[in-house]
Amino acid sequence: MKKKILISLLALSMATSVHASMIDSLQWVTVDNPDLHRLTPTLTTDYVQLSKASQHWFIGVQGGASAFIGNPVGCGDLFDRIMPSFNAYVGKWITPDVGVRLAFQGFKYKNSNLDMADYQLGHADLMYDVANLFRQPSEHLPKFDFAPFIGAGLVHGADQFYTDKERTRSYLFTLTYGIHARYHFGERFYLSGELGNFTTFRDFDGYGSHGKLCDNMPSLTLGIGFNLGTPRWNHAIDVNPYINQNDNLLAYIERLEQSNKHLRDQRNIDRKTVDELKKILEIEGLLGKYRYMFDDIDTGNAKNNYKGLLSLRSRMKGMNEYSLPYSLQDRPNVLNIPIYFFFELGKAKLTDNSQLINLDELAKVAVEHNLKVHIAGAADNATGSENVNSALSKERARFIAKELSKRGVPTDRMKGVSLGGIQEFNNPKDNRYSRVSLYLEIDDEQLTN
């Protein structure tokens, strides 16, 4: 018999030491929760969203003056060559900075002989609004636009004559460039002004040799324009907050996986240790006696079993009033085995009547060793008012006292206290309890502490 007990104690000691050394050797990972919250979309401060095909179109007409400057120069100065000019265009802004347009320009001009002639010019231009460099990106509808442009097209200035009766229209390649400015006095309408020029071959007016870009037509025009649709630009959604939150979540998942790996390793070690202990106890014929030590713990309320009571009986056999165990709460006369009894919400009724088995064992120990009983009733402060919780905790303490009295515990050896609404455990249902502690000696001062 002594050999069996020695083997059992050795096995239990092995389990304790292995478990303790395992915990000490583990490098626990602190898993901090990231700041998780629903993100509110925010817009970027830069204009990065391109316009749709149907957005940001504009049209305009302008009138002004132009002057032909060619080679040969001919007679007369610049002022002798000034003539009225007309300009019409349609275009689209692709971004707030970059736009394209198709334009038609023409009317009258004086050639190198100061003879009146007609000209027509069609061209396509690329525009860049440099005014955006000098204002806030969040300015949805700016008052001013200042856009240099450059482009190319075809111009007709003078027909080519082959005989007195035969001629052909001559279209020459042309470079266009200048500055286009706008002033908005509403979302739709704007005033526009343009200083531009086109350069073409020197035989534009019918005089001079072909093959060199020498003839020019500078012009200054003013007019009015119209935006087809709202000129406001939509900012793109800023993706940086979403990227940052995603990175935090990935890091959080990695920390969780690392922590779970440590827990799985610990669980495997514990399982192997328990299996070995069960084999030893089974060989020695003690498995039935100590099987309670291997039962799984209930996942709901912290369910009581006989482990604490059996430990108490073992300690009481060799104990007298002068050899008292130590307490976790600095009360040397308290036996460190509090037993919890859990109640239904708002009632002094046990959640599970099987808990009465522990009352049977408590009563036997208290009567056998002439112990005093301390009962603390509690309710969760997550539900109910202060008055309701105070009354409910008293009822739960009285319920346990009545049950112990039925089982032979003298009422004069029982003391009770009402804890009211508490938040001792994270789960509110675990705070709906009566806690029973056994004492060798107890006085009123200890009960109130």
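Side-chain atoms of Ile339 and Arg435, non-hydrogen and from C-beta on, never get closer than 4.5 Å to each other. In this structure the side chain of Phe341 reaches within 4.5 angstrom of the side chain of Leu350, judged on heavy atoms. Contact annotation: the side chain of Glu194 never approaches that of Leu220 to less than 4.5 Å [non-hydrogen atoms, C-beta and beyond]. The side-chain heavy atoms of Phe201 and Val155, taken from C-beta on, include no pair separated by under 4.5 Å. At a threshold of 4.5 Å between non-hydrogen side-chain atoms, the residues Ser434 and Ile400 count as touching. Taking the side chain as every heavy atom from C-beta outward, Gln120 and Gln105 never approach each other to under 4.5 Å. Between Tyr89 and Gln62, the closest side-chain pair of non-hydrogen atoms falls below 4.5 Å. Under the 4.5 Å side-chain criterion, counting only non-hydrogen atoms from C-beta, Gln266 is not in contact with Lys261.
Between the side chain of Asn227 and the backbone N or O of Glu187 there is at least one donor-acceptor pair closer than 3.5 Å. With hydrogens and angles disregarded, no donor-acceptor distance shorter than 3.5 Å links the side chain of Arg101 to the backbone of Lys92. Judged purely by atom type and a 3.5 angstrom limit, Asp125 has no side-chain atom pairing as donor or acceptor with the backbone of His123. At least one donor-acceptor pair closer than 3.5 Å links the side chain of Asn132 to the backbone N or O of Pro96. With hydrogens and angles ignored, the 3.5 Å screen pairs a side-chain donor or acceptor of Asn111 with a backbone N or O of Leu114. Checked by atom type and distance alone, the side chain of Asn431 pairs as donor or acceptor with a backbone atom of Glu424 at under 3.5 Å. At distances below 3.5 Å, not a single donor-acceptor pair connects side-chain atoms of Ser259 with backbone N or O atoms of Arg255. Put simply, the side chain of Asn113 never gets that close to the backbone of Asp115: no donor and acceptor are under 3.5 Å apart. Side chain of Thr200 to backbone of Phe173: a donor-acceptor contact under 3.5 angstrom is found.
The number of heavy-atom neighbours closer than 6.0 Å to CD of Glu254, taken from other residues, nucleotides and ligands shown, is 12 or below. For CZ of Phe107, the number of neighbouring non-hydrogen atoms (other residues, nucleotides, ligands) closer than 6.0 Å is 12 at most. Counting heavy atoms of neighbouring residues, nucleotides and ligands inside a 6.0 Å radius, atom CD of Glu386 does not exceed 12 of them.
The CG atom of Leu228 sits 8.0 Å away from atom CZ of Arg188, with the distance rounded to the nearest 0.5 Å. Rounded to the nearest 0.5 angstrom, Leu213 CG and Thr174 OG1 are separated by 8.5 Å. Of the inter-residue distances, the one linking Gln423 atom CD with Asp430 atom CG reads 12.0 Å to the nearest 0.5 angstrom. Leu121 CG to Leu172 CG: the interatomic distance, rounded to the nearest 0.5 Å, is 11.0 Å. Note: Asn268 CG to Leu263 CG = 11.0 Å, rounded to the nearest 0.5 Å. Atom CG of Leu256 and atom OH of Tyr252 lie 4.5 Å apart (nearest 0.5 Å).
Between Ala378 and Ile422 the shortest heavy-atom distance is CB-CD1, 3.6 Å. Scanning both residues, Ile82 and Ala65, for their nearest heavy atoms gives CG2-CB, 3.8 Å. When every heavy atom of Ser66 is checked against every heavy atom of Tyr119, the shortest pair comes out as OG-OH, 3.8 Å. Summarising the geometry of Pro218 relative to Ile69, their closest heavy-atom pair is CG-CD1, 4.0 Å, with the distance given to 0.1 Å. The shortest non-hydrogen separation linking Leu359 to Glu403 is CD1-CB, 3.6 Å. Shortest non-hydrogen contact noted between Ala379 and Leu392 is CB-CD2, 4.2 Å.
Looking at Ser354 and Asp352, their side chains do bring a donor and an acceptor atom within 3.5 Å of each other.
Separation of the Tyr109 and Phe204 ring centroids falls under the 6.0 Å cut-off. For Phe58 and Phe226, the ring centers are positioned 6.0 Å apart or more. For an aromatic pair to be called close, the ring centres must be under 6.0 Å apart, and Phe146 with His180 fails this.
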Handout entry: Intermediate values then yes/no, salt bridge (Lys or Arg N to Asp or Glu O under 4.0 Å), Lys108 and Asp118
Key = CA-CA 5 Å; Lys108 302 289 186 178; Asp118 299 331; 2.6 Å; yes
Practice task
Take Phe149 and Leu126 through the test side-chain contact (heavy atoms from CB on, under 4.5 Å) and record every step on the way to the result.
Solution key: CA-CA 5 Å; Phe149 64 88; Leu126 178 66; over 6 Å; no
Exercise for the section: Decide yes or no on side chain to side chain donor-acceptor pair (under 3.5 Å) for Asn387 and Ser385, but give the supporting numbers first. Expected result: CA-CA 6 Å; Asn387 292 335; Ser385 64; 5.4 Å; no
Handout entry: Full working for side chain to side chain donor-acceptor pair (under 3.5 Å) between Gln355 and Tyr340
Key = CA-CA 9 Å; Gln355 296 182 72; Tyr340 288 79; over 6 Å; no
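Checking His262, Gln258, Arg264 one by one against Asn260, the side chain to side chain contact (heavy atoms under 4.5 Å, CB included) holds for a single residue, Arg264.
Relative to the six-membered ring of Tyr190, Arg182 meets both conditions, a distance below 6.0 Å and an angle of at most 45° to the axis.
Scanning for side chain to side chain donor-acceptor pair (under 3.5 Å) contacts around Asp215 gives an empty result, with sequence neighbours left out. In this structure Asp129 satisfies the salt bridge (charged side-chain N to carboxylate O under 4.0 Å, His left out) test together with Arg135, sequence neighbours excluded.
Ion pair Lys429/Asp380 not flagged as a salt bridge, since none of the NZ, NE, NH1 or NH2 atoms sits closer than 4.0 Å to an Asp/Glu carboxylate oxygen.
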